[in-house]
Amino acid sequence: MLTRTTTQNGKALSLLRPFSTASTTVSATPTLSEPPSSTTIANLILTTSDPQTLSKTLLSQQWSEPLVNATLKRLWNHAPKALEFFTIVDHHRYYSHSLSSFNLAIDLAARLRDYDGLWILVDRLKSRRLGPTPRTFAIIIERYVAAGKPDKAVKIFLSMHKHGCPQDLNFFNTLLDILCKSKRVKKAHNFLKVFRGKFRADVVSYSIIANGWCLIKRTDKALEVLEEMVERGLSPTLSSYNAMLKGYFRAGQTREAWRFFLEMKRRKCDIDVVTYTTVIHGFGVAGEVDKARRLFDEMVREGVLPNVATYNALIQVLCKKDSVESAIDLFKEMVGKGYVPNAMTYNLLIRGLCHVGEMDRASEYVGLMRNEGCEPNVQTYNLLIRYYCDAGEIEKALGVFENMGSGECLPNLDTYNVLISSMFVRQKSEDLVVGGRVKTPYGGGIFGLLHLDLDEV
DNA sequence: TTAGGGTTAG
């Protein structure tokens, strides 16, 4: 049916054909049609300017929850378009949106700070008896906090039950965590003090606050929180201690970190792989590579097996404070032992190679990761683009960029920032011409994307 | 989505 639609937008519609054929006639026998991919649909939505045509096309399509969600994610950098899509499909005769799609739409509306639209979606969710769920509220509250409205977020939390969503200890802890992760630790701490009785604050509540203080390098306050927790009869867990340890490193207090680590051992804590990864990374970043290596050997002796994260921590340290070659040696060692490197492992090595100007070898590692079935992610692309730009090889950077547009990996705000800023730094008019020529997955030149939501990373 | 460890570079 799609192939028969003849409109001003015939070109865009043809994108939805499962198999591209030269023929425009409709085959009498139904073809084995695969549903169109989210990429195809997203392109169609972005290139169809006539709302009626778009609506007609989308409503004649068969939808499923995964396809709707994938399309919404594909349109993440085009929130208004994504929401338009959501609204159209919401009028489908035989399809109705699921909770997870609603949650995505609510997230999009919140990112746009369209709070009226957001609460309309929540009401719709309620009238269909699908929610809102704690997950919905976590999304809403996180966005309000990110938009600089933590007080409003707290009010929403306190009114959750009016929407049929219970306020329990779990969600109390989620709220504390959201506040802490946005560095509003004092507010979170005060909130804990006021409501710890009502919600029966537990070890997790206190650990979140202690970790929050660590995030803003206030290890003194973090320690106070842990002490207070003990006074209230709650025993810190290994997680609490690991967070504290990490906090010392973050704050540059390596001596305190070491003392704390020794104390953990003395008290016979069951030091785990996270503890070791933290100290290996911490000392390495502080420039004590030998100590990091010794701790790596020690953990193996102690029977605590390193995992991929541990290797990544040490690989990063070697790249930064020793040499890429020693990092590559370690990489080979881990592969030899049967560990499966992940995208971060490769990214660390690729960055290390780029950093010493070995762009060709860096590219080889990109090829290697692909061969090993580990697809490059947005960080991989961004770092290649960044290093090509820094080397003044804008054309190559754009080549990488075009490559990613044709794949599954979406550029993010970082990607555009790097490309655009490097062009402005050079102030070469031909760059601007090239930049305008580059096709983005969204259809226009990269400068058409300057209106991207600056909150989205 | 009930906490803790591993990416950028200034």
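Computed from a prediction, not measured in an experiment: that's the story for all the values here. Chain letters run A, B, ... following the sequence lines, proteins first, then strands; residues in each count from 1.
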Inset, instruction - Measure from OH on A:Tyr206 to C1' on B:dA3 and round the result to the nearest Å. - result: 15 Å

Legend entry - Between B:dT1 (P) and A:Lys181 (NZ): distance, integer Å: 13 Å

Legend entry - Strand-adjacent residues in residues 219-231 of chain A, judged by heavy atoms under 4.0 Å from DNA chain B: none

Inset, instruction - Could you check which residues of residues 358-382 of chain A get a heavy atom under 4.0 Å from DNA chain B? Sort them by number, please. - result: A:Gln379

Inset, instruction - Can you tell me the distance, in whole Å, between the OH atom of A:Tyr248 and the P atom of B:dG4? - result: 18 Å

Inset, instruction - Tell me what A:Ser205 touches on the nucleic acid: a base, only sugar-phosphate, or nothing, going by heavy atoms under 4.0 Å. - result: nothing

Legend entry - Distance, rounded to the nearest Å, where A:Lys320 contributes NZ and B:dT8 contributes P: 4 Å

Inset, instruction - Using a strict cut-off of less than 4.0 Å between a Lys/Arg side-chain nitrogen and an Asp/Glu carboxylate oxygen, indicate whether A:Arg259 and A:Glu263 qualify as a salt bridge. - result: no

Inset, instruction - Send over the distance from A:Leu413 CG to B:dT8 P, rounded to a whole Å. - result: 18 Å

Legend entry - Pairing of A:Lys193 and A:Glu228 as salt bridge, 4.0 angstrom limit: no

Legend entry - Atom-to-atom span, CG of A:Asn307 to P of B:dG4 - whole angstrom: 16 Å

Inset, instruction - For the residue pair A:Trp119 and A:Tyr144, categorise the inter-ring angle as parallel (less than 30°), tilted (30 to 60°) or perpendicular (more than 60°). - result: tilted

